[in-house]
Amino acid sequence: MTGDAIRIEGLRKTYAGGKEALKGIDLAIPTGSIFGLLGPNGAGKSTLINILAGLVLKTSGHVTIWGWDQDRNPRQSRASIGVMPQELNLDPFFSPRDALEVQAGLYGVPKNRRRSDEILEMVGLTDKADAYARTLSGGMRRRLLLGKALVHHPHILVLDEPTAGVDIELRQMLWSNVRKLNRERGMTIILTTHYLEEAEEMCDEIAIINQGAVVARDSTRNLLGQLDAKTMVIEPVSAPETLPQGPGITIERRDGGLIALSYHASQTTAEDVLELVRGAGIRIRDVRTEQADLEDVFLELTRSRPAA
Ligand code: ADP
Ligand code: MG
């Protein structure tokens, strides 16, 4: 499949209590990408993912999964996508092998196309294949959920906060699996994460959602590239009465007598900034620089928006 693995148009969700969780989302997710869906708690990420998974009913809008309209072709669109949910909902009396077999049954995967052993191996649960789920650690349960998302060989894998609260080892194991599925099988990956560094490292493209709306959507490189914004923070020997002004440099006072000078590295050099400061007769006791990362874009875009 070329083009978009998922197309979302005008997607809205209002929960029964009246909470408007999605306020008209338009989003296209390219086939073969690792796509990051970022946003603060309560932004609507899980709602969106659960709609894709067919677990939550949308209020209005269109969702197309792997070319299948979710309303007109629910079976095919469901078969195209595997979802690892945020919640650890597992039947405590099923072993990992049972859980995979039952899931495969639910998706109508014929016995001869089931790959339970392979999946158990991949998620590192071969040793625990026949243990009760209730005896599995949190990390093992998460791995089993990943395995369950894969039983029907979906084209698209969706991971909702897969690494929230997991240790580094499991996190690395999850990411290496995800990368492998993407590279070797061309699987399209959609993930939400709280760890922006992780998104920066893993994702080709990113959408940031806030209060049920997409506030940014670009390649990770472009999003970071927008940010050639830098800030030099100076501690003056003594606080100046007035602040100097220079083209392309925004100057403001910070707590503790500090002075912050923000500029764009593509237009202004650190030397220009220092010259401005020295030219104003300000003596520098200490200096540090701050560089924007995804966290800054994120904060910038999700900060102080009036609740609608
Ligand atoms: P995120 O995953 O980005 O943290 P969610 O999609 O879980 O956000 O939630 C978005 C908003 O919808 C939140 O305000 C949340 O409280 C609300 N919400 C989520 N699930 C339900 C539900 N089942 N019923 C009512 N409100 C819900
Ligand atoms: Mg969530």
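Start at 1 with the first residue, then count along the sequence.
Here the closest non-hydrogen pair linking Val151 and Val109 is O-CG2, 3.9 Å. Scanning both residues, Ala21 and Thr47, for their nearest heavy atoms gives CB-OG1, 3.9 Å. The two atoms that bring Ala28 and Arg217 nearest to each other are O-NH2, 3.0 Å, heavy atoms only. Minimum heavy-atom separation, Ile259 to Pro236: CD1-CG, 4.0 Å. In plain terms, the two heavy atoms of Pro30 and Glu205 that are nearest each other are CG-OE2, 3.8 Å. Nearest heavy-atom pair, Phe94 versus Val102, reported as atom, atom and distance to 0.1 Å: CE2-CG2, 3.7 Å.
For the pair Leu144/Val123, no side-chain contact is recorded, criterion being any heavy-atom separation below 4.5 Å from C-beta on. Counting only heavy atoms from C-beta outward, the side chains of Lys58 and Asp71 approach each other to under 4.5 Å. For the pair Lys148 and Leu90, the minimum side-chain heavy-atom distance is below 4.5 Å. Taking the side chain as every heavy atom from C-beta outward, Thr14 and Arg12 never approach each other to under 4.5 Å. Counting heavy atoms from C-beta on, the side chains of Glu275 and Pro244 never come closer than 4.5 Å. Counting only heavy atoms from C-beta outward, the side chains of Met122 and Leu181 approach each other to under 4.5 Å. Within the 4.5 Å cutoff, the side chain of Ile6 has no heavy atoms near those of the Thr188 side chain. A 4.5 Å side-chain heavy-atom check between Ile51 and Leu48 finds every atom pair outside the cut-off.
Just one of Ile156, Leu157, Leu159 meets the side-chain contact (heavy atoms from CB on, under 4.5 Å) condition when paired with Ile190; it is Ile156. No option in Thr64, Ile29, Asp26 other than Thr64 meets the side-chain contact (heavy atoms from CB on, under 4.5 Å) test with Arg7.
Heavy atoms from other residues, nucleotides or ligands lying under 6.0 Å from OH of Tyr132 number 12 at most. Heavy atoms of other residues, nucleotides or ligands lying less than 6.0 angstrom from CZ of Arg185 number 12 at most.
To the nearest 0.5 Å, atom CG of residue Leu125 and atom CZ of residue Arg141 are 11.5 Å apart. With rounding to the nearest 0.5 Å, the separation of CG in Asp204 from CG in Asn182 is 6.5 Å. Atom CD1 in Ile8 sits 13.0 Å away from atom NE2 in His62 (nearest 0.5 Å). The CZ atom of Arg143 lies 9.0 Å from the CG atom of Leu136; values are rounded to the nearest 0.5 Å. In this structure, CG on Asn73 lies 9.0 Å from CZ on Arg75, to the nearest 0.5 angstrom. In this structure, CZ on Arg288 lies 6.5 Å from CG on Leu258, to the nearest 0.5 angstrom.
Evaluation of the salt bridge (charged side-chain N to carboxylate O under 4.0 Å, His left out) rule for Glu201 yields Arg179 as partners, not counting sequence neighbours.
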Can Leu150 and Met187 be said to form a side-chain contact (heavy atoms from CB on, under 4.5 Å), step by step?
CA-CA 11 Å; Leu150 294 170; Met187 205 179 266; 3.9 Å; yes

Stepwise side-chain contact (heavy atoms from CB on, under 4.5 Å) check, Val83 with Asp160
CA-CA 8 Å; Val83 178; Asp160 195 1; 5.7 Å; no

Test log, rule side-chain contact (heavy atoms from CB on, under 4.5 Å), inputs Leu27 and Ile209:
CA-CA 11 Å; Leu27 198 59; Ile209 70 173; 5.8 Å; no

Run the side-chain contact (heavy atoms from CB on, under 4.5 Å) test on Ile34 and Leu191 for me, step by step, so that the C-alpha distance in whole Å, both residues' side-chain angles and the decisive distance to 0.1 Å come before the verdict.
CA-CA 8 Å; Ile34 300 186; Leu191 59 95; 3.9 Å; yes

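Hydrophobic clustering (side-chain heavy atoms under 4.5 Å, transitive across Ile, Leu, Val, Met, Phe, Trp, Tyr) keeps Val237 apart from Ile251. One hydrophobic cluster, built from ILVMFWY side chains closer than 4.5 Å, holds both Leu243 and Ile284. Val233 and Leu261 end up in different hydrophobic clusters when Ile, Leu, Val, Met, Phe, Trp and Tyr side chains are linked at under 4.5 Å.
With hydrogens and angles ignored, the 3.5 Å screen pairs no side-chain donor or acceptor of Lys45 with any backbone N or O of Leu38. Between the Thr31 side chain and the Ala5 main chain, a donor and an acceptor come within less than 3.5 Å of each other. Panel note: side chain Thr192, backbone Glu161; a donor-acceptor pair is recorded below 3.5 Å. Side-chain atoms of Thr163 do not come within 3.5 Å of backbone N or O of Val166 as any donor-acceptor pair. No side-chain donor-acceptor contact under 3.5 Å links Asn177 to the backbone of Leu174. A distance-only check finds a donor-acceptor pair linking the side chain of Ser176 to the backbone of Met173 [under 3.5 Å]. Arg97 places no side-chain N or O within 3.5 Å of a backbone atom of Leu120 that could act as its donor or acceptor partner. Using modelled atom types, no side-chain atom of Ser95 and backbone atom of Ala131 make a donor-acceptor pair closer than 3.5 Å.
Each ring-ring contact (aromatic ring centres under 6.0 Å, His included) pair with one or both residues in residues 138-182, not counting sequence neighbours, appears once here: Trp66-His155, Tyr107-His152.
Donor-acceptor pairing under 3.5 Å is recorded for the side chains of Ser46 and Gln86.
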